[in-house]
*Asks:* 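I am attaching a structure below and will ask some questions about it afterwards.
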Amino acid sequence: MTKISLTRPDDWHLHLRDDVAMQAVVADTAHRFGRAIIMPNLKPPVTTTEMAVAYRQRILNALPDGVCFEPLMTLYLTDNTTAEEIAKAKASGWVHGVKLYPAGATTNSDSGVTDLANCAAALSAMEELDLPLLVHGEVTNPLVDVFDREQVFIARHLVPLLEKYPRLRVVFEHITTKQAVDFVKAAPGNVAATITAHHLLYSRNAMFAGGIRPHMYCLPVLKREEHRWALIAAATSGNPKFFLGTDSAPHARSAKESACGCAGIYTSHAAIELYAEVFEAAKALDKLEAFASFYGADFYRLPRNSDTITLEKTAWVVPAELPFGDDKIVPLRAGEHVAWKLA
Ligand SMILES: NC(=O)N[C@@H](CC(=O)O)C(=O)O
Ligand SMILES: [Zn+2]
Ligand SMILES: [Zn+2]
């Protein structure tokens, strides 16, 4: 196969940042995807509907002329999020989910939730109003091994959460383990998961290939090869609970190449192309469209896109770096080939 057309995909997990950083990256997403779920972990975080609506407008203002792209906004859940704020978010029509960051789990999660018990009113309101909870599913206990934090989160937090709020729609974001795949498969229909391109393409070996590779560091951290196989099997299975979410998370080169480098991998410049590589290698290109363009929209109860994109099997070289305000981003595959190209 040398060319494929698919319904325009959506990205169900994306970091666009703000200001000049956003200006540098938003076109990469908007050229490929019709919509994206925009993560709220700005500084300060997007904790109110008012902030989300203002952020949405800044995203629209940053779009290149003539490009049609719909940012789907989210709120950042804190210990203090009220049921009133949830009602406001739902009523606005612009907010499509509320993001749970366990405090300290990842980039800009300092204002995140310290104990889910503090969020009872907000979670009840979300269940009642049918506003999905989007979860960064890792425990933060420093005694838990960093490679086990996702599987421990399932048992300690996700299972009790779904017992308490059985009708709450939950997206387990950027899953990285076989345990997460098994959990989502066995869960009822109100539970789904996003899977990134980098967790489908790389195992943790990639972080240490010939030396330490800060641009391959993200959270949840890359896992063993056997987990990657489980993710590929889930993504290519045709199970509508698994859909595309890049978690493209740009950081300045200087912040990544540091004694304490930031977590996050930038993939928006080649996002759908990278997924095409995975699906082709798994001999499942026929499953790509539903994973990328149907299942997420269905879960979020939004119409599927009606236009299409075309990918060609033409290798191209990713630039060594991309502009990022005063700094640069080192994108995934910098200086290396990507097998598919957006026509
Ligand atoms: N994925 C990452 O490694 N980083 C994300 C945060 C997140 O999604 O956890 C970021 O905002 O940089
Ligand atoms: Zn996360
Ligand atoms: Zn993320």
Side-chain angles (χ1 to χ4, degrees), residues 10-19 21-22 24-26 29 33 36-46 55 71-77 96-113 132-140 146-147 149-150 153-154 157-158 170-177 180 193-202 204 206-207 213-223 231 243-258 260-268 271 274 296 324-325 327 329-332:
D10 301 303
D11 184 350
W12 301 99
H13 181 132
L14 176 66
H15 299 272
L16 278 183
R17 314 304 189 203
D18 212 343
D19 304 319
M22 169 161 72
V25 298
V26 68
T29 292
F33 297 98
I37 285 276
I38 309 299
M39 289 296 132
N41 62 334
L42 303 183
K43 286 185 211 163
V46 180
Y55 183 28
L72 306 170
M73 309 312 293
T74 60
L75 291 193
Y76 185 113
L77 187 67
H96 295 265
V98 178
K99 183 68 191 264
L100 163 62
Y101 290 103
T106 186
T107 308
N108 298 344
S109 62
D110 300 349
S111 322
V113 172
L133 179 71
L134 320 182
V135 180
H136 180 108
E138 288 192 291
V139 294
T140 54
V146 68
F147 292 98
R149 286 182 186 172
E150 183 175 277
F153 183 89
I154 297 171
H157 300 290
L158 212 42
V170 172
V171 184
F172 194 172
E173 300 286 347
H174 49 44
I175 58 168
T176 62
T177 57
T194 54
I195 307 181
T196 76
H198 46 278
H199 289 104
L200 290 166
L201 287 164
Y202 299 98
R204 63 193 193 179
M207 272 188 305
R213 304 273 180 173
H215 299 289
M216 298 307 292
Y217 173 59
C218 64
L219 287 170
V221 71
L222 295 171
K223 302 295 192 300
L231 297 176
F243 46 84
L244 184 157
T246 62
D247 191 22
S248 181
H251 289 278
R253 175 169 211 152
S254 57
K256 296 281 294 172
E257 297 175 6
S258 149
C260 186
C262 294
I265 296 179
Y266 186 70
T267 55
S268 295
L274 292 166
F324 194 56
D327 210 311
I329 313 172
V330 178
L332 190 78

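First listed ligand is number 1; within each ligand, the first listed atom is number 1.
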*Asks:* Can you list, by chain and residue number, the protein N, O or S atoms under 2.8 Å from the Zn ion (ligand 3)?
*Replies:* His13 NE2, His15 NE2, Asp247 OD1
*Asks:* For His251, does its backbone N or O pair with a side-chain atom of Tyr266 as donor and acceptor, under 3.5 Å?
*Replies:* no
*Asks:* Between Asn108 and Tyr101, is any pair of side-chain heavy atoms under 4.5 Å apart?
*Replies:* no
*Asks:* Which residue in the set Leu16, Thr29, Thr267 passes side-chain contact (heavy atoms from CB on, under 4.5 Å) when paired with Ser248?
*Replies:* Thr267
*Asks:* Flag the pair Thr246 / His198 as yes when at least one side-chain heavy-atom distance between them is below 4.5 Å, and no otherwise.
*Replies:* no
*Asks:* For Gly264 versus Lys256, what's the shortest heavy-atom pair and its separation?
*Replies:* O-NZ, 2.6 Å
*Asks:* Can you tell if the side chain of Asp10 reaches within under 4.5 Å of the side chain of Leu244, non-hydrogen atoms only?
*Replies:* no
*Asks:* Listing by chain and number, which residues have a heavy atom under 4.0 Å from ligand 1?
*Replies:* His13, His15, Arg17, Asn41, Thr106, Thr107, His136, His174, Cys218, Leu219, Asp247, Ala249, His251, Ala263, Gly264
*Asks:* For a side-chain contact (heavy atoms from CB on, under 4.5 Å) with Leu77, tell me which candidate from Leu134, Val98, Val135 qualifies.
*Replies:* Val98
*Asks:* I want to know whether Phe153 and His157 have ring centres closer than 6.0 Å.
*Replies:* yes
*Asks:* On the 0 to 90° scale, with breaks at 30° and 60°, tag the His174-His136 ring pair as parallel, tilted or perpendicular.
*Replies:* perpendicular
